[in-house]
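Numbering of ligands and ligand atoms starts at 1, following listing order.
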Amino acid sequence: MAADERDPSPETLAAQALGSVDGATGAVVPPIHPSTTFLRDADNSYATHGRVYSRADNPTYDQVEALLNRLEGGQGALVFASGMAAATAPVMALRPGDHVVASSVMYWAFRNWLQDYATGWGIEVDFVATEDPVALAGALRPGQTRLVWIETPANPLWTVTDIRGAAELAHGAGALLAVDSTAASPVLTRPIELGADLVMHSGTKYLNGHSDVVAGVLVTARDDAYWQRINAVRKNLGAVLGPFEAWLLLRGLRTLFPRVRTQCANALDIARALDGHRGVREVLYPGLAGHPQHALAARQMQGGFGGMLSVRVEGGMAAAVRVAAKTRLFHRATSLGGVESLIEHRASIEGPGSPVPDDLLRLSVGIEAVEDLIDDLVRALDLAHR
Ligand SMILES: *Cc1c(COP(=O)(O)O)cnc(C)c1O
């Protein structure tokens, strides 16, 4: 294929936000549209502009949704007010009596919502170890299971589920597969190409990347009736993103590729440096050869294993909390995917009933110089284990 026939690479599309220039002004950065309402035509229709009210959509979404759709290889994208708004919408678009199968290790707030709220609305939910195909197959109820929800790598143990295998099992039972791809980002994994029907992201994390926007994203493999119901959920529940946040999300996406690549390289170096430290019981990172799904991760994730890892500290919860108290560069805070490194004692935020061991520290690795980050962690571990 001649070079001028080739589609630009995803990194080019992201850096240039699809190459679009504002037709009205020539601006290479798109405008923000704060308007909540749009002109109706004299004939009482909305034919000229096609937009009515910003609880349905807003022109500031167009470019960021188009870019996200391209990066994921989808047939439609929607931005939401948060990752939780994006995750809950596909479940709220189901009917009472429908059955959902979800990963037992997954983002804690969404697991709680499925357990506490979705079941209260008549949705039946089972949690299984989706990384085990036998367990996943056993949980499916052909004809009743509508949605299989996996998260990979899954927070905060970084368990990896085979997307292609899960899609085959889900489809075989007449269900759809949704993938929370927040930790992987479209830089590392494109779930729709592997058979997924829906891809979800907390845009708060890698997509925006600067810890200054709360946002959510869904991308669909098909523009069908179910997708239209999801769209109606966003509109009717008002789970819409503010125009300024949509604009910031697009701005953040321009640097997605270099950020995630640096974060992956830093995380791998940190995982290797801490593996075997006397203060560390175990390093959980799909990029380490000893990770139970390392081979699968190497197949499914392209160009890196992500910027997230967890460390189980020798000496239990007290020692883990001591380590987090001693870091100087890693900030003690929740969330992930930003350019600055964060450390968190995860069991404290998840509370009782969490499957997370209480000696676990979750690290979100940023783009700082990796030797500074390693020194910071080794120093904190040494101080906590004196
Ligand atoms: C943060 C997160 C969410 C929730 O997203 P919010 O933007 O905080 O609502 C869902 N899944 C994963 C994996 C996350 O890290």
Side-chain angles (χ1 to χ4, degrees), residues 64 68 72 77-92 100 102-118 127 130-131 147 149-161 163 178-189 191 196 198-219 233-234 237-242 245-246 248-249 252-253 256 260 263 267 284 286 301 305-310 333-338 341-344 346 349-350 354-356 360 362-366:
V64 67
L68 289 161
E72 290 291 1
L78 291 169
V79 290
F80 287 79
S82 67
M84 280 296 286
T88 52
V91 180
M92 290 200 277
V100 174
S103 302
S104 35
V105 174
M106 65 186 281
Y107 182 71
W108 189 238
F110 186 48
R111 189 185 200 281
N112 281 349
W113 182 86
L114 285 170
Q115 212 157 29
D116 298 345
Y117 285 84
F127 296 96
T130 55
E131 70 276 16
L147 188 65
W149 184 277
I150 63 173
E151 182 178 320
T152 181
N155 195 8
L157 304 182
W158 317 114
T159 321
V160 179
T161 291
I163 297 172
V179 179
D180 181 341
S181 197
T182 299
S185 89
V187 176
L188 306 178
T189 307
L198 282 176
V199 181
M200 174 260 158
H201 290 277
S202 168
T204 316
K205 314 295 172 52
Y206 290 99
L207 299 184
N208 180 65
H210 294 77
S211 308
D212 54 11
V213 169
V214 172
V217 174
L218 285 176
V219 182
V233 168
R234 182 180 79 168
L237 272 69
V240 282
L241 191 60
E245 284 71 19
L248 275 174
L249 181 58
L253 279 165
L256 175 69
V260 169
Q263 287 164 312
L284 307 174
M301 304 178 77
F305 297 93
M308 297 301 301
L309 66 140
S310 293
T334 194
S335 197
L336 60 100
S341 294
L342 303 178
I343 188 164
E344 177 177 40
R346 193 65 201 162
I349 197 156
E350 296 199 358
S354 157
V356 177
L360 181 143
R362 188 181 81 173
L363 306 182
S364 172
V365 177

Test item, A215 contacting ligand 1 (heavy atom, 4.0 angstrom): yes
H201 heavy atom under 4.0 Å from ligand 1: no
Donor-acceptor contact below 3.5 Å, side chain S82 vs main chain G216: no
Side-chain donor or acceptor of W158 paired with backbone N/O of P156 under 3.5 Å: yes
Atom 8 (O) of ligand 1 - nearest protein heavy atom and its distance: Y107 OH, 3.9 Å
Minimum-distance protein heavy atom relative to atom 6 (P) of ligand 1: G83 N, 3.3 Å
Atoms of ligand 1 close to [X] [distance to a heavy atom under 4.0 angstrom, numbered from 1]:
{"X": "M84", "answer": "4 (C), 5 (O), 6 (P), 9 (O)"}
{"X": "D180", "answer": "10 (C), 11 (N), 12 (C), 13 (C)"}
{"X": "M200", "answer": "10 (C)"}

To the nearest 0.5 Å, tell me how far [X] [atom1] sits from [Y] [atom2].
{"X": "S103", "Y": "L157", "atom1": "OG", "atom2": "CG", "value": "11.5 Å"}
{"X": "T334", "Y": "L336", "atom1": "OG1", "atom2": "CG", "value": "7.5 Å"}
{"X": "M308", "Y": "Y206", "atom1": "CE", "atom2": "OH", "value": "5.5 Å"}

Using a plain distance cutoff, I'd like to know if [X] has any nitrogen or oxygen under 3.5 Å from a nitrogen or oxygen of ligand 1.
{"X": "L336", "answer": "no"}
{"X": "V214", "answer": "no"}
{"X": "T204", "answer": "yes"}

Test item: side-chain donor near acceptor, W108 and S354, under 3.5 Å: no
Donor on one side chain, acceptor on other, N155 and R362, under 3.5 Å: yes
Location of contacts on K205 toward ligand 1, heavy atoms closer than 4.0 Å: side chain
Side chain to side chain contact (heavy atoms under 4.5 Å, CB included), paired with H201, selected from L218, V79, L207: L207
